[in-house]
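One structure below.
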Amino acid sequence: MNFTEEQISTIVRQVVENIGLQPEVNQTVAPIRHENEWGVFETVDDAIDAADKAFQEYQKFGLQDRKAFTDAIRKMCMERQEELSRMVFEETQMGRYEDKLLKHQFAASETPGIENLETTAWSGKNGLALEEWAPYGIIGAITPSTHPSETMINNSIMMLAAGNVVIFCPHPSAKNVSNYTVKRINEVLVDAGAPENLIVCVQDPTLDTAKQVLNHEKIRLLSITGGPAVVRAAMKTNKKVIAAGPGNPPVVIDESADLDHAAERITLSAGFDNNILCTAEKEIFVVESVFSAFMQAMQKPGNVLLNQSQVEQLAQKAFEKKKYLHILSRDLVGRNASVLAKAIGLNISDEVCLLYGETQNDHVFVQEEQMMPFIPVVKVKDFEQGVQLALEAEHGYGHTASVFTNNMTRATDFAKRANCSIFVINGGTFQGNGGEQGEGTLAFTIATPTGEGITRPTDFARIRRIMNVGSFRFV
Ligand code: NAD
């Protein structure tokens with residue numbers, strides 16, 4: 001989309017007014033005052049040595065200092081949201097600029113901080129016990145191409161709040177914005193009185209530098225946000241891993257659902273940032289008695305229905321088959337619906353959120369995580385068949401699933417069987433990840449295989465107990 005500056009400001013203001021946030025989008029951004037390479041190193045060893053030194057210093061600071069430091073990151077993110085969003089968009093060519101503004105706002109305002117690190121204390125038969133949250137040290141954090149600066153900011157706030165320091169391994173295709181984010185974080189941290197190099201990375205991230213970090217002896221904890229290959233690689237190390245792996249979120253819609261509401265919510269959520277969120281709806285199962293009505297309802301928010309031959313043409317452009325694997329075409333991942341349409345010879349407006357079309361259950365668009373704004377819709381004979389096929393399409397990731405129904409017995413049954421980190425009833429799946437439209441805190445690292453779910457600072461901390469024997473039981 002080619003927007004003028006003025007159009008972008010108008011859209012942002014409208015979106016923000018709609019969701020009730022008050023970003024400081026027009027606030028003056030502080031000029032860059034430190035032109036040095038803080039936090040960005042040539043080699044993994046240099047970066048980790050600097051982080052190690054920084055950790056020794058960081059341990060001398062208290063919780064209120066950590067709060068001041070993480071507040072400085074939040075403020076920087078709010079102030080630089082336009083700049084960072086534009087850089088992510090231009091470098092990765094995925095998603096939509098205006099949605100990236102929201103992602104940066106959410107990272108700044110909805111990420112949990114030190115308030116999550118509650119101390120537990122009790123006096124019992126033998127005296128007083130206290131449990132507090134301690135840091136691990138240097139965390140190795142792998143970040144995805146789909147939300148590079150957003151994940152770094154979200155991770156940095158949580159990991160620093162828990163007292164750790166971090167070496168980030170960004171995706172090579174997002175290295176410029178990632179390096180820039182590391183420098184800007186260090187800049188505001190040092191201005192707030194923190195030691196240098198609490199957050200580090202290497203200048204030219206590659207698969208090899210990521211592997212060095214995964215296996216480095218000074219790294220005690222790995223935080224992995226990415227697809228199946230990197231999760232597998234991290235699990236092979238002998239370290240504690242918080243793994244936020246892939247998803248393929250299914251939606252089931254039954255005959256009792258409000259179909260217009262379902263279509264509107266799915267459009268907002270699956271269309272957000274062109275479907276590159278791991279939590280975004282990737283396939284829909286609709287019971288046959290309301291199938292046609294739902295397909296019509298999906299047109300109301302302006303989505304474009306593809307016929308069977310158009311769906312097949314798009315699948316051929318979107319996936320390359322290599323033996324048993326379907327490899328996604330990076331030319332279409334995260335692109336606008338109009339770009340997908342153009343690939344199959346259709347001209348549609350840039351404003352269209354989603355393409356959709358009927359497919360069979362075994363279709364590649366149903367079984368693979370497509371991360372683009374086409375959503376397949378499968379007709380099922382009843383709710384039970386919808387649930388069974390949804391569970392198969394989710395492939396046991398335990399990530400995210402949703403249902404639209406007025407029958408809470410059915411919703412509860414599906415929720416139990418889906419066993420996902422996020423399950424949403426009658427809403428868009430992004431409403432399951434906190435923020436203005438959901439409940440609770442928000443994370444860009446949703447750890448499904450290792451079970452932490454929507455991560456928070458305590459996930460990046462160790463519990464330590466101190467016992468005062470024989471004292472302070474005073475009644
Ligand atoms: P990706 O797997 O291609 O890359 C993710 C990161 O892993 C990158 O930094 C990459 O350089 C690194 N990497 C990849 N293979 C590696 C290997 N063998 N060894 C070491 N490092 C390796 O993923 P992407 O395209 O950047 O992001 C999209 C994927 O991430 C999707 O599958 C999505 O579902 C998942 N994701 C999950 C979450 C979550 O919270 N669960 C959040 C965002 C993205």
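Both counts, for ligands and for their atoms, begin at 1 and track the order of listing.
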Nitrogen or oxygen of S145 less than 3.5 angstrom from that of ligand 1: yes
Residue part near ligand 1, for E369, under 4.0 Å between non-hydrogen atoms: side chain
Min N/O separation H147 to ligand 1 under 3.5 Å: no
A210 and ligand 1 - part of the residue with a heavy-atom distance under 4.0 Å: side chain
G245-ligand 1 polar pair, N/O distance under 3.5 Å: yes
Any T448 heavy atom less than 4.0 Å from ligand 1: no
Nitrogen or oxygen atoms of T225 and ligand 1 under 3.5 Å apart: no
Lys/Arg-Asp/Glu bridge criterion (N-O < 4.0 Å) met for K67, D71: yes
Check: H171 N/O within less than 3.5 Å of ligand 1 N/O: yes
H399 N/O under 3.5 Å from ligand 1 N/O: yes
Polar contact flag for I446 and ligand 1 (N/O pairs, less than 3.5 Å): yes
Side-chain donor/acceptor of E264 to backbone N/O of L268, under 3.5 Å: no
Test of ring centre spacing under 6.0 Å for F106 and F444: no
Polar proximity ligand 1 side, L207 side, N/O cut 3.5 Å exclusive: no
Numbered atoms of ligand 1 (with element) below 4.0 Å of T143, judged on heavy atoms: 6 (C), 8 (C), 9 (O)
Numbering as shown, the atoms of ligand 1 that approach F444 to under 4.0 Å (heavy-atom distance): 40 (O), 42 (C)
For ligand 1, the portion of P170 having any non-hydrogen atom under 4.0 Å away: backbone
